[in-house]
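Lettering of chains follows the sequences in order, A, B, ..., and the numbering in each one begins at 1.
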4 protein chains.
Amino acid sequence: MPKVVDEQMREATRRHIIRQAASEFARLGFDQANINMIAEQAGIGKGTIYLYFENKRELFLSMLRYIAQDHLVAIRAALATDGSIQQRLERLFCAFVQLAQEERDSFNVHMSALYGVNRAFQAEATKLMRDYLATIAFMLEQSHARGEIRCANIESTSLMILSLMESFVLSANVLGQSEQVILQQANKVAEMVLHGIAST
Amino acid sequence: MPKVVDEQMREATRRHIIRQAASEFARLGFDQANINMIAEQAGIGKGTIYLYFENKRELFLSMLRYIAQDHLVAIRAALATDGSIQQRLERLFCAFVQLAQEERDSFNVHMSALYGVNRAFQAEATKLMRDYLATIAFMLEQSHARGEIRCANIESTSLMILSLMESFVLSANVLGQSEQVILQQANKVAEMVLHGIAST
Amino acid sequence: MPKVVDEQMREATRRHIIRQAASEFARLGFDQANINMIAEQAGIGKGTIYLYFENKRELFLSMLRYIAQDHLVAIRAALATDGSIQQRLERLFCAFVQLAQEERDSFNVHMSALYGVNRAFQAEATKLMRDYLATIAFMLEQSHARGEIRCANIESTSLMILSLMESFVLSANVLGQSEQVILQQANKVAEMVLHGIAST
Amino acid sequence: MPKVVDEQMREATRRHIIRQAASEFARLGFDQANINMIAEQAGIGKGTIYLYFENKRELFLSMLRYIAQDHLVAIRAALATDGSIQQRLERLFCAFVQLAQEERDSFNVHMSALYGVNRAFQAEATKLMRDYLATIAFMLEQSHARGEIRCANIESTSLMILSLMESFVLSANVLGQSEQVILQQANKVAEMVLHGIAST
DNA sequence: CATGAATGAGATTTCATTCAT
DNA sequence: TATGAATGAAATCTCATTCAT
């Protein structure tokens with residue numbers, strides 16, 4: 001079965017290219033990122049990239065989907081396992097922190113595709129956001145069923161949680177907070193989501 | 001006093017250019033936006049832009065600062081006036097919605113500078129974010145002094161509020177929610193910030 | 001009226017570029033001809049060409065039309081003036097020889113657009129051919145009215161004359177015949193057209 | 001005798017490749033034609049072509065010579081058989097029409113090599129043209145000996161006939177005339193060659 | 001001051017050719 | 001012998017910036 005081996009090789013190369021691409025795209029954005037440089041850093045010829053991806057745009061989109069898979073896996077893992085709602089929210093937050101830290105490139109790329117100006121990728125990024133929201137909504141429904149939360153509008157709440165956490169992590173990074181410092185705020189974030197900041 | 005008149009003219013032209021630039025930058029992002037087009041839409045010569053701004057980058061940054069001024073004014077207005085903390089938060093949220101709607105261009109540009117990938121502008125955007133945070137923190141301190149909220153870490157809480165609101169509005173827009181629909185969620189957002197979603 | 005001067009300058013530059021382009025296109029064909037080289041030989045910057053022509057293809061087509069104008073003028077001059085039909089045909093032949101010689105580039109380019117494989121330009125080249133044919137047909141009609149020729153199908157005859165003369169000149173050139181040698185065959189060509197080669 | 005079989009196989013593959021190449025070259029011209037596509041349509045690997053032809057250019061030239069063989073056979077058949085000079089010329093014309101129709105690819109490729117701009121192939125194409133001319137000249141000599149034609153300069157006359165017929169067929173095709181319409185003009189063409197268009 | 005023609009660096013993409021398998 | 005993945009030169013076109021008018 002040489003076919004399988006080849007297919008594996010091909011997939012490995014694809015991943016390799018995507019990883020380098022993510023690094024460049026994250027550092028420079030879609031436009032400034034340079035196919036030549038990506039090829040060079042991937043240690044392959046310029047033309048080779050075009051054997052794996054139709055063009056720059058498709059490379060970017062492939063990378064986006066790839067990243068989304070990873071993120072979804074992490075998010076699901078954080079939410080799916082047992083534990084109190086407080087714990088789950090903390091884990092969700094920590095998952096975002098970890099993604100932002102360990103895969104800073106991917107995270108930035110994803111965020112900027114979503115909130116960035118380049119509308120060309122907003123459609124795709126929006127799809128991914130809906131997946132994230134669905135995952136969070138699913139957890140909220142469970143918690144609601146268990147009576148842990150009161151939740152008039154699950155969709156709206158999901159969006160609040162996603163917005164808060166993603167954006168918080170991103171902003172904290174931008175502000176120069178260390179991973180440790182950010183992680184320490186996990187329980188505060190979860191607490192605010194659950195109990196708010198009103199004094200009583 | 002022709003000097004003053006000239007100065008006023010100059011400033012007026014600057015603003016005019018910035019406004020058109022914002023439109024293009026918001027539509028296409030920094031790289032895709034085209035100086036030629038900006039000049040054309042501003043009804044001036046290509047070279048003229050370079051009499052007012054050193055280069056494309058400086059034009060973008062000037063625009064960023066300009067927008068930030070407007071936003072700060074709106075944010076301060078929302079927070080400064082009297083009312084309960086719930087009302088203030090709702091007004092803050094509505095201010096973001098309005099900015100995102102009425103000045104969609106500016107808002108998008110600002111967001112993408114902040115969360116976007118192009119690090120070239122992150123430094124400047126971060127400065128602006130600190131201004132926003134300071135404004136929110138100031139309100140929180142007031143409310144804390146009044147006993148309206150319990151707030152262990154004002155900085156962290158400010159960041160939560162800013163992240164949540166900005167990102168929520170942006171995401172809701174991206175998801176295609178209408179202005180009206182978004183505005184209707186103002187009280188929910190404020191309520192979550194104040195009381196959380198825990199059932200009791 | 002600075003506008004007029006500018007317009008003249010612009011037109012002069014256009015012509016200048018077209019002339020250099022014709023040289024390159026004739027030497028190398030559409031695909032092998034190189035915009036960089038054309039610019040260099042025209043003594044202008046690469047980008048400047050794109051201020052005058054939308055793209056390579058449009059440059060080629062503009063050149064084609066330009067050439068066709070010159071050729072039509074020469075063909076009309078050869079046919080329009082007085083003289084016997086024999087003289088006119090000889091003049092037509094000589095016109096082709098002269099075009100092929102004095103403006104070898106243009107002539108080759110035109111021929112190859114017509115008979116060459118690159119279908120992309122066949123439509124345009126066909127239009128031009130129809131103009132040529134119409135001019136020849138007009139002369140044939142006149143001669144027919146005068147009883148100089150018997151002509152069952154003027155269209156068909158025009159095509160015969162055009163094909164014969166253009167192709168003869170081109171082939172003779174390809175075979176390495178000198179201008180003088182080719183010109184000496186003018187009366188034979190005209191004679192064949194008029195009287196054929198049958199012995200009686 | 002496996003040697004012979006192999007040799008036959010090899011020759012068969014060569015022909016097969018050439019046939020597909022002709023199709024592509026005719027459709028797209030030398031430059032736009034794509035070795036990948038030719039290989040694909042021939043149902044063989046890209047690299048295999050290089051086992052049969054040194055490079056793209058040699059493939060093109062081989063194809064050219066191949067086509068010329070076919071054309072020469074057809075031309076000789078049209079001229080060699082008995083019949084009046086009028087009949088022979090008509091047959092020659094019909095042979096060109098048929099070649100242009102039945103083997104449109106080959107015919108176009110050959111014409112464009114001859115009249116096209118790409119000088120790289122002109123030398124080879126010229127050789128082929130000389131073969132054509134020699135064949136026609138041979139017939140003219142025969143006819144001259146028989147007193148059917150008066151022919152001061154056989155070479156020149158051969159060129160006239162070849163130019164007229166090839167170019168006429170090509171142009172008529174370009175102008176959109178159907179095969180039938182073109183064939184109907186055979187006797188007119190032959191007649192013009194023999195008797196001209198002068199009224200008496 | 002204002003202009004816009006001119007520039008050329010730089011980016012994407014194609015494809016003939018090689019060569020390890 | 002046959003293959004096709006990999007290569008990288010080369011070509012088109014864009015656009016920020018300059019500068020003579």
J.: Which letter, B, S or -, goes with each nucleotide of nucleotides 16-21 of chain F from 5' to 3', with contact meaning a protein heavy atom under 4.0 Å?
T.: SBB---
J.: Checking B/A22 now: which residues fulfil side chain to side chain contact (heavy atoms under 4.5 Å, CB included) with it, not counting sequence neighbours?
T.: B/M63
J.: Separation of A/H16 atom NE2 from F/dA5 atom C1', in whole Å?
T.: 15 Å
J.: Nearest-Å distance, CZ (C/F60) to P (F/dT12)?
T.: 14 Å
J.: To the nearest Å, how far apart are B/R14 CZ and E/dC1 P?
T.: 13 Å
J.: Whole angstroms only, please: what is the CE-C1' distance between B/M9 and E/dC1?
T.: 11 Å
J.: side-chain contact (heavy atoms from CB on, under 4.5 Å), that's the test. Do D/R10 and D/E7 meet it? Break it down for me.
T.: CA-CA 5 Å; D/R10 198 177 159 76; D/E7 208 44 57; 4.1 Å; yes
J.: Which stems does DNA chain F form, counting runs of 3 or more consecutive Watson-Crick or G-U wobble pairs with both distances under 3.5 Å?
T.: E:2-21 with F:2-21
J.: Would you classify D/F53 as touching base, sugar-phosphate or nothing, given that sugar-phosphate means primed atoms plus P, OP1 and OP2, and contacts are heavy atoms under 4.0 Å?
T.: nothing
J.: Given atom CD1 of A/I49 and atom P of E/dT12, what is their separation to the nearest angstrom?
T.: 9 Å
J.: Residues two or more places apart in sequence or in another chain: which of them pass side-chain hydrogen bond (donor to acceptor under 3.5 Å, both in side chains) with D/R65?
T.: D/E124
J.: Does a side-chain N or O of B/R10 approach OP1 or OP2 of E/dC1 to a distance below 4.0 Å, or not?
T.: yes
J.: Compile the donor-acceptor pairs under 3.5 Å between side chains in residues 52-61 of chain C and protein atoms, sequence neighbours left out, one pair per line.
T.:
| from | atom 1 | to | atom 2 | distance (Å) |
| --- | --- | --- | --- | --- |
| C/N55 | OD1 | C/R57 | N | 3.3 |
| C/N55 | OD1 | C/E58 | N | 2.9 |
| C/K56 | NZ | C/F30 | O | 2.8 |
| C/K56 | NZ | C/D31 | O | 3.2 |
| C/K56 | NZ | C/A33 | O | 2.9 |
| C/R57 | NH1 | C/A120 | O | 3.4 |

J.: Can you measure C/E58 atom CD to F/dC13 atom C1' for me and round it to whole angstrom units?
T.: 14 Å
J.: Can you check the C/E40 CD to E/dA6 C1' distance for me, whole Å?
T.: 16 Å
J.: How far does CD1 of A/I44 sit from CD1 of A/I49, to the nearest 0.5 angstrom?
T.: 4.5 Å
J.: Looking only at non-hydrogen atoms, find the nearest pair between D/K46 and D/I35 and report the distance.
T.: CG-CG2, 4.5 Å
J.: Taking atom P of E/dC1 as reference, at what distance in whole Å does atom CG of B/D6 sit?
T.: 7 Å
J.: Nearest heavy-atom pair of D/L128 and D/L64: which atoms, and what distance?
T.: CD1-O, 3.8 Å
J.: Partners of A/E11 by side chain to side chain contact (heavy atoms under 4.5 Å, CB included), sequence neighbours excluded?
T.: A/R14, A/R15, A/Y66
J.: Which residues pass the side chain to side chain contact (heavy atoms under 4.5 Å, CB included) test with A/N34, sequence neighbours left out?
T.: A/N36, A/M37
